[in-house]
Amino acid sequence: MVVGGGLAGLEVVTALAEHNAQDILLLESGPGDDLAHIHLSLPQDQATEAVFAPENDPWFHRPWESDSAHYTGISGLRRRLGGRSLYWHGVVLPLEDWALSAPWWPSDVVADLTKSWRGGPSLYERVTGDLRKWSFLTPSSAEGVRTFGGQDFLPLPRACRHSSGDGRWEAYTPLARWRRADGGPRPPAGVRVVCEAEVLAVHVHDGVARGVLVRDADGATTTVTADAVVLSAGTVESTRLAVQALTEHGSLPEPRLGGLADHIVQGFVVRLPATAAARVPEPGSYYVPADPVSRSYLRLDVRDTAPGELLLDVRVTGEQFPNHESSVECVPAPALPWRTRIHAALHPQDRELVAAQRETLRAFWGHLAEDLGLPAMPMEFTVYGDPARDNTRVLPSRTRSQAVGVPETWTSLLGTEDHEGGSLPLGQTLTSRHEFADLPGLYAAGPAVFPRLGAANPSLTTLALSRRLAAILAGAG
Ligand SMILES: Cc1cc2nc3c(=O)[nH]c(=O)nc-3n(C[C@H](O)[C@H](O)[C@H](O)COP(=O)(O)OP(=O)(O)OC[C@H]3O[C@@H](n4cnc5c(N)ncnc54)[C@H](O)[C@@H]3O)c2cc1C
């Protein structure tokens with residue numbers, strides 16, 4: 001039984017079916033009748049609005065509270081079959097060696113990801129190869145380097161397909177492997193999907209997870225049994241379900257799990273005059289990989305906004321360090337689900353990273369202003385976590401009225417990058433076979449299981465680990 005049909009859960013069930021596993025049940029709290037990526041079904045501006053003004057997205061749902069501005073705003077679930085696999089941008093980067101190094105990630109998981117899996121190519125090689133076939137993803141290579149603002153940028157790998165002519169695109173979703181002859185998705189043989197089925201709790205009997213308690217669209221609740229239960233309901237919901245189960249089972253001293261982390265992301269946007277356009281790389285997305293000291297990667301998006309005019313969107317994405325104080329906490333009560341509250345805490349190393357990222361951005365801006373012959377306007381930032389200067393600064397409605405040549409800085413609130421993870425770490429809360437160490441029969445998938453995040457976007461690793469878990473459950477791993 002797989003709880004949650006988003007990027008991780010769908011990859012687990014699809015891979016299970018490819019191992020010829022039978023009797024797989026996928027429970028999804030949202031509906032399953034619109035399975036198109038938002039950038040395929042909506043024009044660019046409306047898709048951007050659905051993400052950044054989530055009150056316009058009927059599937060947006062935030063089942064938690066936060067005791068700060070972090071994990072508010074656009075931070076939440078997209079409750080529909082497909083989950084955030086129908087919203088993501090397809091950026092696929094492997095976790096950096098420095099993040100995968102001891103002592104955080106279990107060595108057997110790292111070897112499967114990076115060296116060899118089941119006697120063949122590594123999981124990263126296999127997933128990247130499959131995504132390349134699906135999307136014509138081009139590998140980053142030395143020939144693609146663009147030197148700009150004193151940095152050597154590589155093309156950013158994205159698992160995306162463009163639809164012909166109208167500028168629309170979609171990023172990979174495991175639903176792409178569910179295609180019927182008429183183009184619509186249908187579950188593979190052996191998989192049953194139940195939508196509008198909200199899982200309220202894990203059913204534990206004799207110290208073993210035996211199924212779940214589900215509420216259907218009419219509000220009726222039922223216990224559904226299973227030999228194995230996989231939590232893939234998004235990091236916070238999976239952690240809420242785990243906190244409830246582990247508390248009732250007596251294996252948590254307090255109803256909370258720490259380690260919750262998102263990426264620390266800051267940047268600036270600047271409109272460039274037509275005179276500068278010739279010296280800027282052609283429109284597209286580029287990046288400079290993260291090194292072990294900065295633990296952040298630099299990304300550059302070049303967009304042509306008006307004839308002869310360009311917009312540069314520059315950002316650094318860095319690792320929030322694993323921190324027990326940053327947590328998902330529940331309030332035990334007879335009614336289910338338990339109320340869930342996020343406490344986002346910064347580690348001292350995170351504060352250093354925030355300051356270092358700002359220096360990187362200032363240095364890059366100084367360099368490129370000089371290269372482009374622009375006045376080097378000073379670059380100011382407000383306090384970290386300021387909701388008045390968050391990543392909504394990059395919205396076209398804001399940048400359109402921005403003065404040319406003047407950089408506008410912004411800092412994401414934690415949770416709003418949608419890269420949240422780390423609260424059910426492999427090798428700690430979970431064994432290296434993805435099973436809860438204190439609750440046999442219960443497993444987890446998604447970025448929640450990362451022992452540390454690194455700087456890379458999580459989904460390549462999410463897909464790889466979902467395949468690893470499926471092989472384990474099918475007796476093939
Ligand atoms: C706009 C956007 C752009 C992004 N771009 C990138 C990118 O370029 N690269 C990258 O690596 N990552 C990106 N991400 C992040 C990526 O999409 C997430 O990390 C990923 O989707 C997480 O997978 P998941 O399966 O854990 O959660 P989700 O995909 O959110 O799936 C969780 C599913 O569980 C269901 N669910 C929740 N609670 C319950 C319950 N109680 N019972 C039953 N079902 C439940 C939800 O409805 C949902 O369908 C992006 C995200 C967004 C929103």
Side-chain angles (χ1 to χ4, degrees), residues 1-13 25-32 35 37-39 47-48 50-52 54 57 59-64 74-95 131 156-160 171-175 193-202 212-216 229-241 244 262-263 265 285 287 299 317 336-337 340 391 415-421 423-424 444-450 453-463 465-466:
M1 172 189 292
V2 175
V3 177
L7 188 74
L10 285 169
E11 190 70 19
V12 172
V13 298
L25 176 64
L26 174 65
L27 297 172
E28 164 55 47
S29 57
L35 303 179
H37 192 280
I38 53 162
H39 279 278
T48 307
V51 172
F52 283 99
D57 182 0
W59 320 124
F60 180 80
H61 176 67
R62 189 186 318 115
W64 61 79
I74 65 169
S75 172
L77 291 169
R78 306 289 169 156
R79 203 155 57 160
R80 58 195 282 208
L81 184 62
R84 283 172 285 175
S85 78
L86 301 177
Y87 294 74
W88 76 305
H89 294 164
V91 175
V92 279
L93 295 170
L95 285 194
L131 293 176
L156 188 69
R158 293 180 62 183
C160 294
Y172 170 79
T173 169
L175 294 167
V193 179
V194 181
C195 287
E196 305 201 47
E198 183 188 6
V199 172
L200 299 177
V202 176
V212 295
L213 180 69
V214 192
R215 179 163 59 194
D216 69 18
V229 178
V230 177
L231 301 180
S232 53
T235 291
V236 179
E237 264 289 270
S238 291
T239 308
R240 190 267 299 169
L241 287 162
Q244 287 181 188
D262 190 12
H263 281 123
V265 186
S285 301
Y287 81 115
R299 173 172 170 173
T317 297
L336 293 169
T340 305
N391 49 2
T416 63
E417 281 300 312
D418 280 277
H419 293 177
E420 74 284 355
S423 46
L424 303 172
V449 312
F450 295 11
L453 285 195
N457 305 44
S459 298
L460 179 64
T461 308
T462 296
L463 294 170
L465 293 178
S466 298

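All residue numbers in this chain count up from 1 along the given sequence. Counting starts at 1 for both ligands and their atoms, in listed order.
At a heavy-atom distance under 4.0 Å, atoms from both the backbone and the side chain of H89 approach ligand 1. With a 4.0 Å heavy-atom cut-off, ligand 1 is reached by the side chain of L77 but not by its N, CA, C or O. Here S232 has backbone heavy atoms under 4.0 Å from ligand 1, and that is the only part of it that gets that close.
Assignment of R80 to the shell around ligand 1 is supported, since a heavy atom sits closer than 4.0 Å.
Without hydrogens or angle criteria, H89 side chain to V91 main chain gives no donor-acceptor distance under 3.5 Å. Side-chain atoms of S238 do not come within 3.5 Å of backbone N or O of T235 as any donor-acceptor pair. Under a 3.5 Å cut-off, the side chain of S85 and the backbone N or O of T173 do not form any donor-acceptor pair. Proximity of a side-chain donor or acceptor of D216 to a complementary backbone N or O of A197 within less than 3.5 Å is not detected. Of the possible polar contacts, none joining the E196 side chain to the R215 backbone as a donor-acceptor pair under 3.5 Å is found. Between the H37 side chain and the W88 main chain, a donor and an acceptor come within less than 3.5 Å of each other. R240 places a side-chain N or O within 3.5 Å of a backbone atom of L200 that can act as its donor or acceptor partner. Side-chain atoms of T416 do not come within 3.5 Å of backbone N or O of S75 as any donor-acceptor pair.
Residue-to-ligand polar distances keep W88 apart from ligand 1: every N/O pair is separated by 3.5 Å or more. For a threshold of 3.5 Å applied to N or O pairs, the pair formed by G446 and ligand 1 contains no separation below that value. Polar contact check, T235 against ligand 1: no nitrogen or oxygen pair lies under 3.5 Å apart. Ligand 1 has an N or O atom lying under 3.5 Å from an N or O atom of P458, backbone or side chain. On a distance-only criterion, R84 and ligand 1 share at least one N/O pair closer than 3.5 Å. Looking at ligand 1, you won't find any N or O of Y87 less than 3.5 Å from one of its N or O atoms. For ligand 1, the polar-atom distance check against L241 finds no nitrogen or oxygen pair separated by under 3.5 Å. Of the polar atoms of V51, none of the N or O atoms is found under 3.5 Å from an N or O of ligand 1, judged by distance alone. Below 3.5 Å of separation, one finds an N or O of E28 facing an N or O of ligand 1.
Ranking the protein heavy atoms by distance from atom 37 (C) of ligand 1 puts A233 O, 3.2 Å first. With hydrogens left out, the protein atom closest to atom 12 (N) of ligand 1 is S459 OG, 3.0 Å, a heavy atom. Here the heavy atom of the protein found nearest to atom 41 (N) of ligand 1 is E237 OE1, 2.8 Å. Shortest contact from atom 51 (C) of ligand 1 to any protein heavy atom: D418 CB, 3.5 Å. With respect to atom 9 (N) of ligand 1, the closest heavy atom belonging to the protein is V91 O, 3.0 Å. Atom 36 (N) of ligand 1 has as its closest protein heavy atom S29 OG, 3.5 Å.
Considering each of P54, A8, G32, the one bringing a non-hydrogen atom nearest atom 25 (O) of ligand 1 is A8. Nearest-heavy-atom check against atom 31 (O) of ligand 1 across P447, G6, A47 picks out G6. By heavy-atom distance, the residue among G83, G9, A444, G234 lying nearest atom 32 (C) of ligand 1 is G234.
Proximity to L27 (heavy-atom distance under 4.0 Å) selects the following atoms of ligand 1: 43 (C), 44 (N). Residue G90 has at least one heavy-atom neighbour below 4.0 Å for each of these atoms of ligand 1: 7 (C), 8 (O). Distances below 4.0 Å separate heavy atoms of R79 from the following atoms of ligand 1: 47 (O). Atoms of ligand 1 lying under 4.0 Å from at least one heavy atom of A197, given by number and element, are 42 (N), 43 (C). Each of the following atoms of ligand 1 lies closer than 4.0 Å to a heavy atom of L7: 21 (O), 23 (O), 25 (O), 29 (O). Atoms of ligand 1 lying under 4.0 Å from any heavy atom of V199, numbered from 1 in the order shown and given with element: 40 (C), 41 (N), 42 (N), 43 (C).
Looking at heavy atoms from C-beta onward, L10 lies out of side-chain contact with V2 at the 4.5 angstrom threshold. At least one side-chain heavy atom of L453 sits under 4.5 Å from a side-chain heavy atom of H263. L77 has its side chain out of reach of W59: every pair of non-hydrogen atoms, C-beta onward, lies at least 4.5 Å apart. Looking at L465 and F450, their side chains come closer than 4.5 Å, going by heavy atoms from C-beta outward. L26 has its side chain within reach of L81: a pair of non-hydrogen atoms, C-beta onward, lies under 4.5 Å apart.
Of the residues listed (V199, T239, V202, V212), the one engaging L231 in a side chain to side chain contact (heavy atoms under 4.5 Å, CB included) is V202, and it is the only one.
Checking R158 against Y172 by side-chain atom types alone, no donor-acceptor pair falls below 3.5 Å.
For R78 and Y87, the positive end sits near the middle of the six-membered ring, less than 6.0 Å away and at most 45° from its axis.
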